[in-house]
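Lettering follows sequence order; numbering is per chain, from 1. Owing to the predicted nature of the structure, the values given are computational and were not obtained by experimental measurement.
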Number of protein chains: 2
Amino acid sequence: MPTIKDVAAKAGVSTATVSRVLNGEKVKDETKEKVLKTIKLLGYRPNLIARSLKTQKTHTVGFVVPDYGQFFMQIAKVVEDILNGYGYSLVVCYSDENPEREKARIKMLMEKQVDGMLVVPTSDQDDYLMELNKQGIPVILIDRMVKDVQTDCVLVDNVNGAYQAVEHLITKGYHRIGVINGRQEVTTGEERYRGYLRVFEDYNLQIDRELIRFGDFSTESGFALMKELMSLSNPPDAVFITNCYMTIGAMLAIDEMNIKVPDEIAIVGFDDTELTRLSKPPVTSVVQPVQEMGEIAANLLYRRICGDMSDYPKMYRLKTTLLVRASTDPEWKKKLDGKEGA
Amino acid sequence: MPTIKDVAAKAGVSTATVSRVLNGEKVKDETKEKVLKTIKLLGYRPNLIARSLKTQKTHTVGFVVPDYGQFFMQIAKVVEDILNGYGYSLVVCYSDENPEREKARIKMLMEKQVDGMLVVPTSDQDDYLMELNKQGIPVILIDRMVKDVQTDCVLVDNVNGAYQAVEHLITKGYHRIGVINGRQEVTTGEERYRGYLRVFEDYNLQIDRELIRFGDFSTESGFALMKELMSLSNPPDAVFITNCYMTIGAMLAIDEMNIKVPDEIAIVGFDDTELTRLSKPPVTSVVQPVQEMGEIAANLLYRRICGDMSDYPKMYRLKTTLLVRASTDPEWKKKLDGKEGA
DNA sequence: CTGAAAGCGCTAACAT
DNA sequence: ATGTTAGCGCTTTCAG
């Protein structure tokens with residue numbers, strides 16, 4: 001591999017000049033030509049490591065997700081595209097919904113000297129994240145936030161998303177509405193539960209505590225909890241499930257128990273993925289603006305990296321939409337009639 | 001951030017000694033203690049960039065996948081875990097099934113100076129990949145290979161996997177067996193098609209060319225091609241679909257057309273993901289040993305990075321398994337009875 | 001066993 | 001407009 005020195009020597013200029021050409025600084029056209037030519041000739045590629053050592057910038061950003069499922073990977077894709085466009089590359093790693101592992105991954109990213117980070121925190125008290133901020137490396141929280149922490153975050157309005165979902169069930173005439181919650185140490189889990197509770201409050205309805213279950217966001221927990229709910233002497237007639245993995249688990253359980261949806265039980269889930277769309281029947285879901293979340297987060301992070309702290313800390317609360325499908329609507333198939341394709 | 005110099009100064013030793021302690025070389029216990037203590041005291045963390053510049057190793061490896069779907073991300077997870085265990089971190093990027101983009105991503109990884117790469121090539125004539133090999137950076141092809149190229153690869157036996165799938169259909173008594181193929185410029189696409197053809201040859205059966213369709217691995221193409229097949233005046237009674245996205249698309253099409261599986265059409269897919277498992281009915285699938293693929297690839301790459309070229313170039317051809325489910329077996333549900341859970 | 005010193009390849013003052 | 005030079009933080013001969 002040729003170095004900048006080789007180029008300088010061959011072109012008969014100093015390394016500084018070559019560097020200037022490389023970085024688009026003012027250089028006499030004639031010498032620039034000459035340098036460019038020798039660069040091509042030698043097949044020279046700047047050594048990014050050396051450059052990083054000098055500039056203290058790696059042009060790399062990290063993204064810590066809880067898992068590699070469709071929801072977060074959709075965001076990752078958007079983020080990667082945008083950041084690539086700015087000349088940054090993305091390192092994605094997964095925390096496995098485990099604060100310890102999250103900390104380890106963040107540490108690794110720190111040591112790799114990333115210029116910034118996007119994190120989906122696995123707990124609402126991530127003291128470690130704050131250190132980063134103090135160290136001056138921009139961090140954007142995405143999807144979930146951390147309590148008592150002042151930093152940029154891109155979230156959705158989970159409370160009202162959940163509210164809308166549960167209200168939809170009530171409007172449809174369901175009375176015994178259960179909920180399968182996610183981890184309450186995570187803001188999305190807690191907020192969605194809060195939305196559920198608020199509906200009952202607003203409608204002045206009684207809640208049967210038996211219908212409230214707590215899972216850990218995993219397919220397995222959705223499966224197990226749905227079985228529990230349906231084994232009750234007085235089972236629910238509808239269930240709100242607060243993320244997509246648990247929804248899948250619940251659908252599998254329902255299927256295994258040979259229960260009819262929505263006739264015997266109505267289901268509304270959170271997140272819209274291929275799974276919920278392909279499921280039979282398709283699941284009514286609170287859909288999050290994935291594309292927008294990714295775009296906003298990536299662009300905000302880029303601005304922070306560039307030193308623009310004008311509106312820091314900025315919190316986005318994007319709105320969700322309720323997509324009604326057959327799992328809460330027996331008429332769905334007829335009404336739809338070709339409106340939803342592949 | 002303190003540097004090695006700060007540590008050396010504070011501990012009253014030379015930077016060389018600190019470096020030795022850091023790298024576990026022989027140092028008098030007493031001085032080692034002292035150094036370790038000041039490292040802790042100052043909260044010193046070695047600067048990996050500086051180290052990389054010196055050692056020419058980044059302890060990073062790249063992984064280029066066609067997409068962020070479940071199949072490849074499952075592999076990525078395995079690979080990441082293993083490599084992390086060896087002290088390497090993984091940069092995953094997606095080529096979007098596009099050779100140009102793949103080239104760009106590989107180039108980026110090269111410039112980032114990764115110590116090695118795992119690539120799922122998007123074409124069977126990736127001249128660019130060979131350059132890497134010449135440059136001495138280890139590359140392992142995974143899932144797909146490149147023709148006329150001598151390099152390590154971890155593949156599955158697609159031909160026999162497909163063969164088994166189609167033979168299963170024949171055994172079940174289906175006659176008009178269609179196929180939805182993937183991109184033929186990609187070895188998996190071509191090999192699976194070959195497996196399909198071979199069955200007809202071996203059984204000395206006539207093929208109706210009308211039943212052979214070519215897609216691009218996407219859900220959309222699976223959807224469109226299945227619609228085409230089922231709109232034929234003489235439609236197939238079974239279809240083999242050569243990857244999971246197209247299988248999903250096909251299932252959606254079938255659903256939309258209100259066709260019953262397996263009564264009116266039997267389906268066998270390639271790849272086993274949540275989608276094919278959750279689908280109604282669940283799809284009989286050729287399942288690939290994802291875990292094993294990841295393990296083998298990661299460990300092989302590690303060995304190559306460590307300079308062990310003993311068995312180069314090594315080609316693995318792992319065996320697939322056929323998982324029979326309801327999409328080819330009306331009796332499935334009864335037979336199963338609790339054998340398959342969440 | 002430890003220290004001095006020379007770089008790895010690049011950028012950025014500072015000079016010219 | 002270009003060249004000189006001093007590092008960025010680390011590893012690694014080579015001496016001692």
Restricting to ring pair (Phe, Tyr, Trp, His ring centres under 6.0 Å), what partner residues turn up for A/Tyr68, sequence neighbours left out?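 A/Tyr68: ring pair (Phe, Tyr, Trp, His ring centres under 6.0 Å) contacts with A/Tyr94.
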Residue of the set A/Asn47, A/Ile39, A/Thr17, A/Val18 for which side-chain contact (heavy atoms from CB on, under 4.5 Å) holds with A/Ile4: A/Val18
So which protein nitrogen or oxygen atoms get under 3.5 Å of nucleotides 13-16 of chain C's nitrogens or oxygens?
unit_1 : atom_1 : unit_2  : atom_2 : d
C/dA13 : N6     : A/Arg20 : NH2    : 3.4

Can you figure out which of [options] approaches the side chain of [X] most closely?
X: B/Leu22; options: D/dT4, D/dG9, D/dT11; result: D/dT11
X: B/Gln56; options: D/dG9, C/dG3, C/dC8; result: C/dC8
X: A/Lys5; options: C/dC8, C/dG9, D/dC10; result: C/dC8
X: A/Val13; options: D/dC8, D/dG3, C/dA5; result: D/dG3
X: A/Thr17; options: D/dG3, C/dC8, C/dG9; result: D/dG3
X: B/Lys28; options: C/dT11, D/dC10, C/dT2; result: C/dT2
X: A/Asn47; options: C/dT11, C/dG9, D/dT2; result: C/dG9

Is the distance from the ring center of B/Tyr245 to that of B/Phe217 below 6.0 Å? no
Spacing between [X] atom [atom1] and [N] atom [atom2], to the nearest angstrom:
X: B/Gln113; N: C/dC10; atom1: CD; atom2: C1'; value: 12 Å
X: B/Ile4; N: C/dA5; atom1: CD1; atom2: P; value: 17 Å
X: A/Met1; N: C/dC10; atom1: CE; atom2: C1'; value: 15 Å
X: B/Ile49; N: D/dG7; atom1: CD1; atom2: C1'; value: 16 Å
X: A/Glu111; N: D/dC10; atom1: CD; atom2: P; value: 11 Å
X: B/Glu25; N: D/dT12; atom1: CD; atom2: P; value: 7 Å
X: A/Tyr44; N: C/dC10; atom1: OH; atom2: C1'; value: 7 Å
X: A/Lys26; N: C/dT11; atom1: NZ; atom2: C1'; value: 19 Å

Check ion pair A/Asp115-A/Lys57 (N to O, under 4.0 angstrom): no
Salt bridge or not between B/Asp81 and A/Arg101? Use side-chain N to carboxylate O under 4.0 Å.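 So B/Asp81 pairs with A/Arg101 through a salt bridge.
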State whether [X] places a side-chain N or O below 4.0 Å from either non-bridging phosphate oxygen (OP1 or OP2) of [N].
X: B/Thr15; N: D/dT11; result: no
X: B/Ser19; N: D/dT11; result: yes
X: B/Thr3; N: D/dG9; result: no

Just call it for B/Ser52: base, sugar-phosphate, or nothing, with non-hydrogen atoms closer than 4.0 Å on any strand.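 Answer is nothing: B/Ser52 stays at 4.0 Å or more from every strand.
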Give the minimum heavy-atom separation between A/Leu42 and A/Lys10, together with the two atoms involved.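 So the minimum-distance heavy-atom pair works out to CD2-CD, 4.1 Å.
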Do A/Gln125 and A/Asp148 pass the side-chain hydrogen bond (donor to acceptor under 3.5 Å, both in side chains) test, and can you show the C-alpha distance, the side-chain angles, and the key distance before you say yes or no? CA-CA 8 Å; A/Gln125 4 218 31; A/Asp148 317 315; over 6 Å; no
Could you walk me through whether A/Lys112 and A/Thr58 pass side-chain hydrogen bond (donor to acceptor under 3.5 Å, both in side chains), step by step? CA-CA 8 Å; A/Lys112 288 262 177 218; A/Thr58 53; over 6 Å; no
Does any N or O donor sit under 3.5 Å from an N or O acceptor when you compare the side chain of B/Lys54 with the base of C/dG7?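 Looking at the base of C/dG7, it does pair with a donor or acceptor on the side chain of B/Lys54 (distance under 3.5 Å).
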